[in-house]
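Comments concern the structure below.
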There are 2 protein chains.
Amino acid sequence: MHSQNEENYLKAIFKLSAEGPAVSTSALARELDVQAASVTDMVKKLAAKELIQYEKYQGVLLTAKGRLVAVNIIRKHRIWEVFLVDKLGFGWSEVHDIAEQLEHIHSEQLIDRLDDFLDHPSFDPHGGPIPDREGRLPQRQAEPLSALPVGSKAIVAGVKDDDRELLEYLEQKGLLIGARLRVLEHLTFDDSLVLETPSGKWSVSRKVADNLLVRPPAVE
Amino acid sequence: MHSQNEENYLKAIFKLSAEGPAVSTSALARELDVQAASVTDMVKKLAAKELIQYEKYQGVLLTAKGRLVAVNIIRKHRIWEVFLVDKLGFGWSEVHDIAEQLEHIHSEQLIDRLDDFLDHPSFDPHGGPIPDREGRLPQRQAEPLSALPVGSKAIVAGVKDDDRELLEYLEQKGLLIGARLRVLEHLTFDDSLVLETPSGKWSVSRKVADNLLVRPPAVE
DNA sequence: TTTTAATTTTAGTCTTGTCTAAATTTATTT
DNA sequence: AAATAAATTTAGACAAGACTAAAATTAAAA
């Protein structure tokens, strides 16, 4: 059994692995909000348990074993988020911190039964894909809103980072999952976009557009 | 916010307080499965936080503050047990260890919403009373089976200690909550009882009879 | 009422995970 | 290519909780 802390490190490494293979000490320190020295200590312990590969000054890499642990935590996190939103009626911006705790409950049976209870969801309330028991992630053909050319229509498919403030901001603009939108303008000055949404026209910054994932509208 | 460990100590002290006011170091050590020396260390810390009263060599006592924390943990534990049994289909003997983890999730909102979702249950799957948000316990007029005279009829209302083995044993004999029974015989030799239950006649030991709580059958 | 036994506390150590400050290595400039 | 800056690691400490062994206190027995 792994400690909550170990699980959090592995999860963070998995998340940062998306930006390139090796994860640096400082990136991990930033993500976990601890000092770099603490990270160095911890990655040595994780390497001793063969959950990561670690080479001095070269950053870390998940082993197959470590990846499985990380993906399992993500599976639990996302299934719990579905429960909180679908069954308990929480808003999509309220569930992250609670799921952050629930993801560390150790019981395979619990998560399997919860998965049954929820009818085997494939995506969480933020559009995040839910891994299966073997750690396979369902594919979503979603891309950042910032990649769309002016004039194109799309449907909100999720967010990259489920930051509370961002989620509340999007909620306010009616940009929930499934919402239709159209890109009206692109300002080269600051890379912001003007969108048409069911609730009106809105300008969103480059950063928001990078974090908002969309998919092409269904071809009827 | 209290650590899980602090919460477990307070819960144990609350539980042991039923057997008399002051809880001894050794009783706590036994209950928590740690050495007495560790208990001494810990109770000093809890006393410093004004969660308990502690006098050297005299054992400990919960303060009002400590009692509220303890009862709140019990509230969470029991509400989660209802969820596990009623919604996820776990058996009554399978839920203790999982609820032991879930009770430490910090979110008042979560437990309140869960309570709504479950329609405000008053008792958990083992017949344990569920405290309300203010820490008040619903009264149950239940007494140990061992207190009944020969010939009396009763209905199973719960168990005192939700020990896994005991629960499985009772389940096997059909002695679940709500089951009717009648005391046929009392052997003074070992204080065991012979019961008539819907599934047949069974002999139960004194220890089991002490732990099985019953209430009088409804007067029609 | 001593003596013995049981309980409790103190003292010192260990593990996990964190920190700061200093030393080392790698990366970036000039 | 040498000098500076940034990133990383080492060294030494600390807090939470646990342990063992020894000392102190309380309870029980002779």
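In what follows, chains carry the letters A, B, and so on, assigned in the order in which the sequence lines appear, proteins first and then strands, with residues in each chain numbered from 1.
- Ring centroid separation for the pair B:His77 and B:His96 comes in under the 6.0 Å cut-off.
- Just one of B:Lys49, B:Lys11, B:Lys45 meets the side-chain hydrogen bond (donor to acceptor under 3.5 Å, both in side chains) condition when paired with B:Glu6; it is B:Lys49.
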>> Counting primed atoms plus P, OP1 and OP2 as sugar-phosphate and everything else as base, spell out the protein contacts along nucleotides 7-18 of chain D at 4.0 Å heavy-atom distance: B, S or - for each nucleotide, 5' to 3'.
In response: -SBB-----SBB
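- Between B:Thr25 and B:Val43, the closest side-chain pair of non-hydrogen atoms is not below 4.5 Å.
- Listed by chain and number, the residues in a salt bridge (Lys or Arg N to Asp or Glu O under 4.0 Å) with A:Asp161 are A:Lys15 (sequence neighbours excluded).
- Counting to the nearest Å, the P atom of C:dT18 and the CG atom of A:Leu46 are 10 Å from each other.
- A:Phe83 pairs by the ring-ring contact (aromatic ring centres under 6.0 Å, His included) definition with A:Trp80, B:Phe83, not counting sequence neighbours.
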